[in-house]
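Along the sequence shown, the residues carry numbers beginning at 1. Just so it is clear, the structure is predicted and the values come from calculations on it, not from any experiment. Only heavy atoms go into these numbers, but all of them, side chains included; no hydrogens, no water, no symmetry mates.
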Amino acid sequence: MASGTSRDVVGRGLRVLGQAIREQPRIFAVAVTGSVLFGLMVIASAYVVGAVVGKVVVPAVARGSVTDGALALAAAALFGISVLRVVGIFGRRLGAGYMQYRLQATYRRRVTRRYLDLPLAWHHRNATGTLLSNANSDVEAAWYPIAPLPFAVGTLVMLVGAVVSLFLTDWALALVGLAVFPALFALNVVYSRRMAPRQARAQRLRAEVSGIAHESFDGALVVKTMGREAQETSRFAARAGDLRDALISVGRLRGVFDPMLETLPSLGTLAVLVVGAIRLRQGAITVTELVSVAFLFTVLAFPVRAIGWVLAELPRSVAGWDRVRRVLDATGEMPYGEVALDPATPAPATLAFHDVHFGYEPAEAHLPGTEVLGEVTFTVPAGKTVALVGPTGAGKSTIASLAVRLVDPRTGTVTLDGVDVRELTAASLASTVALVAQVPFVFDDTVRANIALDRPGIGDEEVWAALRLAEADGFVAALPEGLDTMVGERGTSLSGGQRQRLTLARALAGRPRLLVLDDATSAVDPRVEAAILAGLRTPTDGGAPASILVVAYRRATIALADEVIYVEQGRVVARGTHTDLLATVPGYADLVTAYEQAEQEREQTRTYDEVTPLTSGLEVEVDR
């Protein structure tokens, strides 16, 4: 991979730059116009300086005096050229900066939009740190050469003009230019090819360092409670060390080539002076022409470096672009249909699974997939509550994900009111179904913002109604600023049960016709959980009850369900009421009994901690 990149990095990099030009042609034209104006003024300044030396300074030295008119004319010419150069620099830099930042913003939005379109299975195969790097540093790297690009294009125009002017001046001096300029290009190409694999490795390591850091910060609680600080620090330090070494390798290569790139134009100037002195002695050129050409080589040294800057950044740009394109070209999105359920229908929805099979795709194409569900068939009737019960790994969360179309089945259908969920529009699906997941996610914002999510028609009255249904109005009212209280990143200022009730209220605020609870009240006191489920079945605010599919563990929760679906190893093995299954299915009875015993032990511990202060002087927080 690296060798291939080193061979064609220039061509691939130029194609990336071509993509940028096609996307922002007007801004690029403004920047290039400014750069060309600057380049032409550089050439003009060389010949004006030559004319001033040859026609003003030399005669003045010979006469021992200088005329005011000649000085004024020389000053006016140099001032006019300087003003035009300033205008060119302003246009070039403004256009290049605007183009670069606009492209970065555009592609950050495209990458983020693509993340939202891709299914969960794709996200499961990609580390969060890598995804953050794709949207940030990779996008920046892809468009990093845009800043010097207009300067480089203007420099090419300037070089063509300089070579033409050299031939018009003297063929011998032109040959010096033809020797120096191609040598600069060749050196830059070699530099880019050697730099390509180093830049690609550095970009990959940036993503890995970002991934380790994100994982450590996100799992700070586990890291600290398990005493893994030293190990995580060591793991991060090792990868950061690899990144350091990769960047040092990049710096070393620059340290070798940069002096060579700086030296060539200086050697060209020296060659011009030597050859020019000989041609001057032969009478082939004048002092004015020699000074003009020598000055031209001197002022060309810096602009020619712009070409080197672009070529030097092409490997990094190609590496970043490849990583960005990997996201933009990723397949597996789940297109929505065009069917919309009647939004005015207040009745609960009917959910049905028909011979559903599902499996996760392998991380690598040659590996076999893993089947998670098979032959799953059941119905959640309108207005009824159905509990999913089964051991860990039985496929309960996958069934919940299929119900809200986070994933699609391999075969079979999932329907809402008789319509395949794949045929529904995104808006219709979102307004009909709501999922409250196992792990509650709370934004670093106010309580109000977390529940309303800027959805139309959800004001404070609707927010408080949802909080009451979720048995959360009491603790929210007691918060320092009520609905305006900032809850912190991931809701760090709230207890686990409070976060769960807040996310439940968020789902209820949209008045879904089907509510899917994936163990969504595990951190809530059983009495509060019973009150929540009772309120959902019979809302006190006059609203229509929702159909409920609940992944349940507690006996009290399961007993509230109209029907229980018992699953094992991705198959529905029994269904019926809680009482019937308890009496007829040994596996179900053993599982529920085990859950109940574990719950009793937790309750005893909780009761003990309510009245017994910890040795640190703190008291255990009990969610009410």
Side-chain angles (χ1 to χ4, degrees), residues 1-10 12-13 16 100-101 104 107-108 111 125-148 187-220 222-224 226-263 305-306 308-327:
M1 178 67 181
S3 61
T5 303
S6 65
R7 288 195 298 269
D8 61 2
V9 63
V10 174
R12 294 171 62 203
V16 174
Q100 182 183 36
Y101 297 135
Q104 289 175 353
Y107 272 82
R108 283 195 181 100
V111 168
R125 297 193 298 269
N126 294 272
T128 304
T130 299
L131 302 185
L132 291 173
S133 179
N134 292 151
N136 187 27
S137 64
D138 290 335
V139 169
E140 287 184 0
W143 305 122
Y144 200 81
I146 296 302
L187 187 60
N188 274 300
V189 169
V190 172
Y191 173 47
S192 297
R193 288 183 173 179
R194 291 183 178 272
M195 182 64 76
R198 291 172 171 82
Q199 288 284 20
R201 183 169 185 267
Q203 281 301 113
R204 176 176 57 80
L205 287 171
R206 283 189 179 96
E208 292 181 10
V209 169
S210 176
I212 293 174
H214 180 274
E215 189 174 57
S216 296
F217 300 153
D218 209 33
V222 175
V223 171
K224 295 190 73 65
M226 299 299 292
R228 298 287 299 176
E229 295 94 332
Q231 289 82 357
E232 285 299 303
T233 300
S234 177
R235 187 164 72 105
F236 181 82
R239 228 40 188 156
D242 291 340
L243 177 58
R244 175 204 61 207
D245 294 342
L247 293 176
I248 288 175
S249 177
V250 169
R252 283 175 177 167
L253 191 63
R254 282 179 174 167
V256 171
F257 276 87
D258 278 356
M260 298 170 65
L261 293 170
E262 291 284 355
T263 302
R305 291 290 290 120
W309 295 335
V310 172
L311 292 176
E313 292 301 333
L314 284 185
R316 182 181 175 190
S317 174
V318 169
W321 178 250
D322 286 345
R323 294 170 64 84
V324 170
R325 288 306 315 178
R326 185 185 68 85
V327 176

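A search for salt bridge (charged side-chain N to carboxylate O under 4.0 Å, His left out) contacts involving D242 returns R239, not counting sequence neighbours. Residues meeting the side-chain contact (heavy atoms from CB on, under 4.5 Å) test with R325, sequence neighbours left out: W321, L328, D329. For the side-chain contact (heavy atoms from CB on, under 4.5 Å) test, residues two or more places apart in sequence or in another chain that qualify with A246 are R201, A202, L205. R108 is linked by a salt bridge (charged side-chain N to carboxylate O under 4.0 Å, His left out) to E140, counting only residues two or more places apart in sequence or in another chain.
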N134/V324 under side-chain contact (heavy atoms from CB on, under 4.5 Å): CA gap, chis, key distance, verdict: CA-CA 6 Å; N134 292 151; V324 170; 5.6 Å; no

Let me see the working for I146 and Q104 under side-chain contact (heavy atoms from CB on, under 4.5 Å), right down to the final yes or no. CA-CA 10 Å; I146 296 302; Q104 289 175 353; over 6 Å; no

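In this structure, CG on L253 lies 14.0 Å from CD1 on I248, to the nearest 0.5 angstrom.
Annotation: R252, atom CZ; neighbour count of heavy atoms from other residues, nucleotides and ligands within 6.0 Å does not exceed 12.
Minimum interatomic distance between V16 and W143 (heavy atoms only, all atoms of both residues): O-CZ3, 3.6 Å. Of all heavy-atom pairs spanning A142 and S317, the tightest one is O-OG, 2.6 Å.
Using a 4.5 Å heavy-atom cutoff, the side chains of R323 and V327 are not in contact.
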